[in-house]
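What follows is a set of notes on a single structure, which appears directly below.
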Amino acid sequence: MAASVPEKPSLDGVEQKWSEAWESLGVYNFDRSTTRDQVYSIDTPPPTASGSLHIGHVFSYTHTDTIARYQRMRGKNVFYPMGWDDNGLPTERRVQNYYGVSCDPSLPYDPTFRPPAEPPKQAIPISRPNFIALCDELTKEDEKAFEALFRRLGLSVDWSLQYATIDTRSRRASQRAFLRNLARGEAYSQDAPTLWDVDYKTAVAQAELEERERPAAYHALAFHKTDGSGDIVIETTRPELLPACVALVAHPDDERFKSHFNTTVRIPLFDVEVPVLAHSLAQPDKGSGVAMICTFGDTTDVTWWRELNLPTRAIVGRDGRIISDAPTVITSERGIANYAELAGKSVKQAQTRIVELLGQSGEMLGEPKAITHPVKFYEKGDRPLEIVASRQWYIRNGGREEAVRAEMQKRGRELNWVPEFMWHRYENWVGGLNGDWLISRQRFFGVPIPLWYALDTDGEPRFETPLVPSEARLPIDPSTDVPDGYTEDQRGKPEGFSGDPDIFDTWATSSLTPEIAGGWEEDNDLFNRVFPMDLRPQGHDIIRTWLFSTVVRSHFEHGSVPWHNAALSGWILDPDRKKMGKSKGNAVTPLSMLEEHGSDAIRYWAASGRPGVDTALDPAQMKIGRKLAIKMLNATKFVLGILGESDAPPISAITAPVDQALLKKLGVLIDEATKAFDAYDYARALEKAESFFWFFCDDYVELVKGRAYGQQGDAAGASAKAALATTLNVLQRLFAPIVPFVTEEIWSWWQAGSVHAQSWPTSGDVSVGNVGDLLVLDVASNTLMAARRAKTEAKRSMRTEIALMKVTDSTARLAALRLVEADLREAGAITALELSEGEFCYTVVLADPV
RNA sequence: GGGCGUUUAGCUCAGUUGGUAGAGCGCUUCCCUUACAAGGAAGAUGUCGGGGGUUCGAGUCCCUCAACGCCCACCA
C-alpha cells in the first residue's frame, strides 16, 4: 500500500492518539473462545490502591507488558487483567481520615448512611458494611488515576478484566476458599501465643515481621535460691516482665548450672517460686548463660513454654500496657505492692519503674549495660511486637508439619523461576517456617471471616464447632448477617450466636488473585481456559508473602501450582545506589517522567534493566530511548521515501549478495530476539534489535540507497527495495513489545492494522535460501568506516570525494568486497579501488578540496 | 551463623557451550551530508575485585579470600 508519511514526524501526542485507538479497536481484548493451550495468562500484581504509584511500578509493569505483547504477537490469546489491592490497613486509615468515620463491627448496617460533606471532628462510628462501602467508593477514585497512568505507559491490559481485592467477587472467593480449607482441615483456629502489634491491636504473621536495631540494656538480676544456697544471676533486656517469669533455663550441658537444675528460685520483687530447668536452646555464651522464661518476652520463650510445659502468666495486655490483675501466684505483700506500681503502665514506663524498684531492693547488680540489638516489629508498626495469647485462625503451610512443608517445597521446584536464583529465597523461606500461616486480623476493613459461633448457656462461644454459611450465601458479613436457623435478636445472647469479629489478613485474599481474576467458581468456563496461569510477575521482596501464600492456596484447592513461571523484578535504586523509598523526598512522580521523556523512552529504560536485577533510576538511559524512537521515525520516513509510492518488491526479488547477507543477519537477529523473549529476557531482545537497527541505519541504508533509487538498474534496485522493506517491517515488529507507541506510529504510515496485532517474525519469513555471506556486510562496513575515518582525520566534510582506496586484505574478504563494490562507489566510499592480498590494511586518498 | 547476588572503561552495564576485551553515556576532535543538529562521523580510555588451580588457551570452569548488597536464623 502507498505510504503516508507525515511532513515532520514527531512523537508528540502519540501516547494519547494510540492508547485511544487501541481501546476503541479492542486490540488487547481477551478472546474467551480459545482453549487453554492458545492462551497466555498473567496474574498481574494488584497495586496498593491507597498509596501512589512510583517509578518502581512503571519499571516492573513494563517488563510484564513486553512479555504480554510478545506472547500476543506469537499468536497467543493473552489474558492480562488488572487488579487493585484496596483491602487492608492503608485504605482503612485513609477512609477514616477522609470521611471522618470509624468502624464499629458491633453496629448494624445502615443502608441510608451517607458521610457528611466535611469530615466531623468526632469520628462517626459506622457498621462494617457501611465502612467497606466507603472504602470501595474512595478507592475507585485512586484506581481511575492509576488506570490513566498505566494506559499512558502503554500497558496492553484488557481493561475490561478488572477486580479489586475488596469487591464482592474477591470477598466471595476469599470466603469460599477459606471455607473449603476449613472443611478439609487445612484451616483451624487456636488459642495460642501470637505476635501482636499493640498500636494496631492486631495479630501479625511471621511473614510480616521485620527486625530493627534498637537500644536496650542488660539488667543483671539476682534470683535467690529457695534452699538459701545463694543466688542465680540472669541478664535480661526486659526486666518489666519479671512478674511473668515462669522459670529459669540453662543449657543441659552447662557445668555451671547442672547442680541447679530442678531446684527453685524466687523472682526478685515478687517472690514467686520458679524452677531452674534445662533446655538445649539456652546458649551458655549469652548473658550469664542462664535466662529467665517469661510468658511471653520473645518467640524463644514460646518454644520453651511449650516444650517445658510451663504455666502462663501473661501481664502485657493487647494495648501494650501491664494488665491490672497480677498473676495469682504473686501473694507476698511486697509482690502485690510492686505489681501495683506497674499495672496500667506501658511496657516502656513499666521498665523504667521496675528498674527503680530493683535498685531500691538491691536485687539488680550494678548498672544496666547499654546494648543495641535487633527487635521484631510489624513491618508497618512503630512499637516492638509483644506476644499475647489469643484465639486466631491459621492455614497450614508446612510450618508445623514436615510432610506439608515437603509438598510446598516440591511446588516451588515445579515453577520456572526468572531469574533462576530467586528459587533459593522460596526454598529458604519455606525451610525456615516455624509456625502455620496466621490469617486472622483484629481489624475492620477487609474480608470478614465468614463464621458464627453458637453461644452456650453462659454466652460463651463454642469455637470448636463454628456455624458455617452455605457457599451460595457468600459473601457474608457475620456482624450483620445471621446464621441459618437463628434470628437477629439472638445475636450475643446465651443459647444464641455471635459473629466472628475478625477479618482476613490482606494476603489471605490476594493469595487468590489467579482464582479471582480467572473467575473461579463464578465462571468456570473462563477459569479452565486461563488456569494454572502462565506468568506471575512480582517483586522479590514478597516471595515469602504473596508468592508463597498463592502457592499454598493453589496446592490445597487445585492440587497444582498456580502458574508455571514466576518472574521476579528488581528494585529501582536512586542515583546513590540506595533503594528508592517512598519516604525519600527525591521520589519523582512517574507521570512527570512520562511527560518529560515520553512513554516509549521510559519503557526503553525499564526494558534495559535485566530481569531480577536492581536498576538505577537513570535519566540518561531515558534520553537514549527517546533518541532511538526519534531515529525510528526518521529512518522509517527515509526508507519509505526510497521505496516510493508503489508496493515494495517481494522477498524473491532479493538477488544482490549484500541484500542476501542483510536478510541472513536479520534472520539471526529474529532467532536471538525470539530465544531471549522465550526466556523472559526482554532486555537481551532489545539490545540485539537495537544494535542491528543502528547498523541498518548507519551502514546498510547508506550503502544501498543509490541502488534502491535505481542507479544500477531495475533488478538491482528491486533487490535493495525488497531488502529495505522486509527489514523495516521486521524491525518494527521486533521493537513493538518494547516501544509500542512509536512502532505503532511508523507502522501506520505504510501498513494496515495495528502492529501489535501482527505476528512475531520468524527467521523462515525472511529466508532467501542458503545464500548470503555475513562477510560481505562486515567488509562493506569496514570500508565505509575507513572512508569516514579518512575524512574525519583530515577534518574534511563527509561530502569530500575519495580519490583512491587501497585495500590489502585476505582473499576471501577481497572477494566479498568486490560483491559490494558498486554500492560502495555510489555511497561515496570509493572511486578508484586498488586491491591486494596481504595483511589487513586500508589506505585512503582524499580528493583535493574544490 | 546459613543462603543468595554483585564486583569488567570515569559512569550505567553487556559479554550463553573457554578461543585476540564490548555498548551506551561522558570525554576529545571534526562535520549543517536534502531521513535525523534535541543530529551525524571518528578517536582515546581496561593488571575483567585479590590469590591459587585446570587448560595449548580463563572475564568465562574449579578452589580460596575480600568488599558491597539482599534474604533467612531461637535477638535472654
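The sequence lines fix the lettering, A, B, ..., with proteins before strands; numbering per chain opens at 1. Note that the coordinates shown come from a computational prediction; the quantities given were computed from them, not determined experimentally.
Proximity of Arg425(A) to the phosphate of C4(B): no side-chain N or O atom is located under 4.0 Å from OP1 or OP2. In this structure, Lys627(A) reaches the C25(B) phosphate: one of its side-chain N or O atoms is under 4.0 Å from OP1 or OP2. In this model, the phosphate group of A41(B) is not approached by any side-chain N or O of Arg788(A) to a distance below 4.0 Å at OP1 or OP2. Under 4.0 angstrom from either OP1 or OP2 of C74(B) there lies at least one side-chain N or O belonging to Asn434(A). OP1 or OP2 of G43(B) sits under 4.0 Å from a side-chain N or O of Arg789(A). Of the side-chain N and O atoms in Gln206(A), none sit less than 4.0 angstrom from OP1 or OP2 of C74(B).
The gap from the P atom of U8(B) to that of G50(B) amounts to 10 Å, rounded to the nearest Å. Spacing of C1' atoms, U60(B) relative to U45(B), comes out at 23 Å, to the nearest Å. When the C1' atom is used for both G49(B) and A67(B), the distance is 8 Å, rounded to whole Å. For the C1' atoms, the distance linking U29(B) with G15(B) amounts to 30 Å, nearest Å. With both ends at atom C1', the span from G39(B) to G22(B) equals 25 Å, rounded to whole Å. The P atoms of A35(B) and U17(B) are separated by 41 Å, rounded to the nearest whole Å. The separation of A58(B) from G19(B), taken at their P atoms, amounts to 11 Å, rounded to a whole angstrom. Rounded to whole Å, the separation between the P atoms of U64(B) and G3(B) comes to 11 Å.
Remark: G39(B) base-pairs with C31(B). Criterion, Watson-Crick or G-U wobble with two distances under 3.5 Å. Across every strand in view, U12(B) sits in a pair with A23(B) that passes the Watson-Crick or G-U test at under 3.5 angstrom. Across every strand in view, G1(B) sits in a pair with C72(B) that passes the Watson-Crick or G-U test at under 3.5 angstrom. Using the Watson-Crick or G-U wobble rule with both distances under 3.5 Å, A66(B) pairs with U7(B).
Of the charged side-chain nitrogens involved, none lies within less than 4.0 Å of a carboxylate oxygen, so that Arg238(A) and Asp298(A) do not count as a salt-bridged pair. Under the 4.0 Å criterion applied to side-chain N and carboxylate O atoms, Arg610(A) and Glu687(A) are assigned as salt-bridge partners.
Atom CD in Glu672(A) sits about 13 Å away from atom P in G15(B), given to the nearest Å. Counting to the nearest Å, the P atom of C36(B) and the NZ atom of Lys705(A) are 10 Å from each other.
Across all their heavy atoms, Arg256(A) and Gly289(A) have their closest contact at NH2-CA, 3.8 Å.
For Phe421(A), the listed nucleotide lying nearest its side chain is C4(B); candidates were C72(B), C4(B), C30(B). For Thr299(A), the side-chain atoms get nearest to C74(B) when compared with the rest of G40(B), G24(B), C74(B). When distances are taken from the side chain of Asn428(A) to each of C30(B), C72(B), A41(B), the shortest belongs to C72(B). When each of G2(B), A35(B), U33(B) is scored by its nearest atom to the side-chain atoms of Cys697(A), the top-ranked nucleotide is A35(B). Of all nucleotides listed (A42(B), A35(B), A73(B)), A73(B) comes nearest to the side chain of Trp429(A). Side-chain atoms of Thr792(A) lie closest to A41(B) of the nucleotides A41(B), A14(B), G3(B). When distances are taken from the side chain of Lys631(A) to each of G3(B), A42(B), A35(B), the shortest belongs to A35(B). Counting only heavy atoms from C-beta on, Trp694(A) has its side chain closest to G40(B) among G40(B), A73(B), C4(B).
The residue Ala282(A) sits close to a base: some heavy atom pair falls under 4.0 Å. Thr303(A) comes within contact range of no nucleotide atom at all, as no heavy-atom separation falls under 4.0 Å. Met785(A) comes within 4.0 angstrom of the backbone, heavy atoms only, and of no base. Residue-level contact check: Glu793(A) touches neither bases nor backbone, having no heavy atom under 4.0 Å from any strand.
In this structure, Val58(A) and Ile55(A) have side chains that are in contact, with non-hydrogen atoms separated by less than 4.5 Å.
Between the side chain of Glu690(A) and the base of A14(B), no donor-acceptor pair under 3.5 Å is found.
Side-chain polar atoms of Tyr842(A) and Thr783(A) form a donor-acceptor pair below 3.5 angstrom.
Remark: the backbone N or O of Leu269(A) is paired with a side-chain donor or acceptor of Glu363(A) at under 3.5 angstrom. Listed for the Asp823(A) side chain is no donor-acceptor partner under 3.5 Å among the backbone atoms of Val704(A).
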